[in-house]
Amino acid sequence: MKKNLLSILAIFCVLTSIAQSNDDAPKLTEVWEPVAAIVKPGKTAQDAPSDAIVLFNGKDLSAWQNSDKKPAEWIVGDGAMTVKKGTGMITTKQAFGDCQLHIEWRTPAEVVGESQGRGNSGIFLMGRYELQVLDNYNNRTYSNGQAGSIYKQLIPLANACREPGEWQTYDVIFTAPRFSENGRLQSAARITVIHNGVLVQNNATIWGATEYIGIPQYKQHGLKEPISLQDHGNPVSYRNIWIREL
Ligand code: MG
C-alpha cells in the first residue's frame, strides 16, 4: 500500500513538472531587454514625432546655409521655402548619417520645360547621393533620372507623382555607407523611399556618389555629412522637413 502511494506521488510529481515546464516554455523565447524608447508620434504620419529634428518648420532657414557656409538665400513664404534660382544648393548645418527623413516638395503649378527641365531639384543625402525631385506628371525623361530615382542609378519602382502644384511627400530610410580606415568601402549606402505613400525604392543599394557624367564611385567620407537641396534653376518648394537619427 505504501509502495503504491509512493508511485502515485512520483507520477504526480512528474506530471506537475511537465505541466510546469510547458507553462514556462513560452517564456523561454520572451526578450524583455532592452526596452524600446518611447517616441510620441505626430498627430498624422506627416507630423514630426517627438524625437525628430525639425529642419524646416515653415518659418526660417536657420537650419540651412549655402555651400560656402553663408546664410541660405532661398525664399521663405506661405510655410514653404522655394529655390531662388542662381543662389545655389542649400545645406543643413548639422550632419546626418543613418536616418529617417520626411520631406515635402512641390513643383510649380505652371508647367515650364520638359524632361529634366521641368521642376527639377533634388535631395542630396550626405551631400552626394541624389534622390531626384522632378515633375514627372505626364513628363517623360530617362527612367533613372525621374522623380523617386537615385539619379542615374536606381529606377523607381513606380511613378507616384501628383500633378504639378500639388504637395508631395518623400519618406526616406537611409543607411550610410561604411568605410574602413584605409578608405575602402565596407558596405554601400542603402535607401528605402516612399513617395506619396507608394514604395519606390526598397532597401536599394546605392552605387556611389551621384555623377552627371560617368560611373558613380564611392569616396571615403564621414559617418555623418550634411544634407543638401539642389538649385537646378526651377522654383521648386519644400516644407515640413524633419529627420530622425537612427
Ligand atoms: Mg535634380
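Note that ligands are numbered from 1 as they come in the structure, with each ligand's atoms numbered from 1 the same way.
Considering the Mg ion (ligand 1) as centre, the angle to O of Ser121 and to OD1 of Asn120 is 80° (10° rounding).
Residue contact annotation: Gln230 places an N/O/S atom under 2.8 Å from the Mg ion (ligand 1).
Here the N, O or S atom of Glu130 that is nearest to the Mg ion (ligand 1) is OE2.
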*Could you walk me through whether Tyr170 and Leu131 pass the side chain to side chain contact (heavy atoms under 4.5 Å, CB included) check?*
CA-CA 10 Å; Tyr170 276 158; Leu131 168 57; 3.5 Å; yes
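Taking a cutoff of 4.0 Å between a charged side-chain nitrogen and a carboxylate oxygen, Glu104 and Arg239 qualify as a salt bridge. With respect to Arg178 and Asp98, a salt bridge is recorded, a charged nitrogen being found less than 4.0 Å from a carboxylate O.
Looking only at distances, no side-chain donor or acceptor of Thr87 sits under 3.5 Å from a matching main-chain atom of Glu73.
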